[in-house]
Amino acid sequence: MTDNSYSSSHLRRQPKQQRGKDRVDKILNAAAEVFDQVGYEAATTHQIAAQAGTAVGSLYQFFPNKAAIFNAMELRHIERVKTFWSKLNTPEVVQLPLQQMMHQLITAAVELFEHPVSRIIFIQFYTSQDMFQSIDESMTQEAINFLANILRERNPSLPADQCHLLAEVSVHSSNAVILSALRTSDVAHRQRLTEQIESLLTSYLEPHVGVPRSQNVMKVMTCPHCQSDRLSKNGKRRNQQCYVCKDCRKQFVESVMLKNER
């Protein structure tokens, strides 16, 4: 899907011209504003049309009711999240120093939720989950998997279950702070809250993935016993790479070398 795709089966008419797509965008953004102001239950299609600066008949050309508008907002948010993940899951981002990487991730997340549609969808998911048609807890699990893969990229010796545990704690804790930030009208306080997410996650993840893989590879090529760089791989033990030193003939695993490099 792209930013201009409209795959909702609830749309009465799929916009083909750019003008129609722009009109749908305007309606979705207006709906987000109205839902934010009066709540979903109190909102009406007439209010949404007025906020969008269009006739209610024009709104009905695309959406039969308020629920269809909300579902289209869900799909739009999913598109934006997928784009968010694809732009950040790159070697250039993953191999950054941890604090810089977290800064990029959190900055991009803040930009994502500055969009009125994503902001309202995120808040509603944690307050009225039963009204959703296209988003459920599997999306949160996808976010956990996304971060777990990044953590494993940074430290391949980290067991998969630990990567997922670290990612689960990181995603749930950051979502809780983001929710608090989005629900406050104090812009300065919202910024302070989101800035703390970066510090929180950096401190939490530093002992496990503080050094990206590219730097680990440079550091592990020294024997922890005699400091020789004449090493050979010697199979794996519990998902960790084993080595044997050609000079002192001692064997060790990758985690031992990483520990000695700290």
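Values reported hereafter were calculated over all heavy atoms of this structure, with side chains retained and with hydrogens, waters and symmetry mates removed.
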Exercise for the section: Carefully, step by step, assess Lys250 and Val244 under the rule side chain to side chain contact (heavy atoms under 4.5 Å, CB included). Expected result: CA-CA 6 Å; Lys250 292 184 178 180; Val244 60; over 6 Å; no
Which heavy atom in [X] sits nearest to a heavy atom in [Y], and how many Å separate them?
X: Cys242; Y: Val253; answer: SG-CG1, 3.6 Å
X: Ile120; Y: Met73; answer: CG2-CE, 4.2 Å
X: Leu75; Y: Ser134; answer: CD2-OG, 3.7 Å
X: Leu165; Y: Tyr204; answer: O-OH, 4.3 Å
X: Gln251; Y: His225; answer: O-NE2, 4.2 Å
X: Ala167; Y: Ala148; answer: CB-N, 3.5 Å

Would you confirm whether [X], through its side chain, and [Y], through its main-chain N or O, come within 3.5 Å as a donor-acceptor pair?
X: Ser174; Y: Val171; result: yes
X: Ser58; Y: Thr54; result: no
X: Ser173; Y: Ser170; result: yes
X: Ser128; Y: Met131; result: no
X: Thr83; Y: Glu79; result: yes
X: Glu206; Y: Leu98; result: no
X: Gln124; Y: Ile121; result: no
X: Arg119; Y: Leu182; result: yes
X: Arg154; Y: His208; result: no
X: Gln241; Y: Lys236; result: no

Can you measure from [atom1] ([X]) to [atom2] ([Y]) and round to the nearest 0.5 angstrom?
X: His46; Y: Lys66; atom1: NE2; atom2: NZ; answer: 13.0 Å
X: Met101; Y: Ile150; atom1: CE; atom2: CD1; answer: 5.5 Å
X: Ile69; Y: Thr45; atom1: CD1; atom2: OG1; answer: 6.5 Å
X: Trp85; Y: Thr90; atom1: CH2; atom2: OG1; answer: 16.0 Å
X: Arg152; Y: Asn145; atom1: CZ; atom2: CG; answer: 13.0 Å
X: Leu28; Y: His115; atom1: CG; atom2: NE2; answer: 8.5 Å

Practice task
Using the rule that two of Ile, Leu, Val, Met, Phe, Trp, Tyr join whenever any of their side-chain heavy atoms come within less than 4.5 Å, decide whether Phe122 and Phe84 are in one cluster.
Solution key: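 Phe122 clusters together with Phe84.
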Practice task
Decide whether Ile197 and Leu200 are clustered together by the hydrophobic rule: side chain heavy atoms of Ile, Leu, Val, Met, Phe, Trp, Tyr closer than 4.5 Å, transitively.
Solution key: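 Different hydrophobic clusters.
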What I'd like to find out is whether the side chain of [X] reaches to under 4.5 Å of the side chain of [Y], using heavy atoms alone.
X: Thr44; Y: Val34; answer: no
X: Lys26; Y: Gln51; answer: no
X: Ile78; Y: Lys82; answer: yes
X: Thr194; Y: Val177; answer: no
X: Ser228; Y: Cys248; answer: no
X: Lys246; Y: Leu231; answer: no

With no hydrogens and no angle check, just 3.5 Å: does a side-chain donor-acceptor pair link [X] and [Y]?
X: Tyr126; Y: Asn175; value: yes
X: Thr184; Y: Asp186; value: no
X: His77; Y: Ser118; value: yes
X: Glu153; Y: Asn149; value: no

Practice task
Look at atom CD of Gln191 and say whether more than 12 heavy atoms of other residues, nucleotides or ligands are closer to it than 6.0 Å.
Solution key: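 Open: at most 12 neighbouring heavy atoms sit under 6.0 Å from CD of Gln191.
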Exercise for the section: Take Ile178 and Val110, measure what side chain to side chain contact (heavy atoms under 4.5 Å, CB included) needs, and give me the verdict at the end. Expected result: CA-CA 8 Å; Ile178 289 172; Val110 170; over 6 Å; no
Practice task
For the pair Glu195 and Arg192, find out whether any cationic side-chain nitrogen is under 4.0 Å from an anionic carboxylate oxygen.
Solution key: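 Between Arg192 and Glu195 there is no salt bridge, as every charged N stays at least 4.0 Å from the carboxylate O atoms.
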Practice task
Using a strict cut-off of less than 4.0 Å between a Lys/Arg side-chain nitrogen and an Asp/Glu carboxylate oxygen, indicate whether Glu92 and Lys87 qualify as a salt bridge.
Solution key: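 Result for this pair is no, no salt bridge flagged.
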Handout entry: Verdict with supporting geometry, Phe125 and Glu137, side chain to side chain contact (heavy atoms under 4.5 Å, CB included)
Key = CA-CA 9 Å; Phe125 185 74; Glu137 289 293 349; 4.2 Å; yes
Practice task
Begin with the C-alpha distance, continue with both residues' side-chain angles, and end with the deciding distance and a verdict on side chain to side chain contact (heavy atoms under 4.5 Å, CB included) for Gln133 and Phe70.
Solution key: CA-CA 9 Å; Gln133 302 174 53; Phe70 189 83; 5.8 Å; no
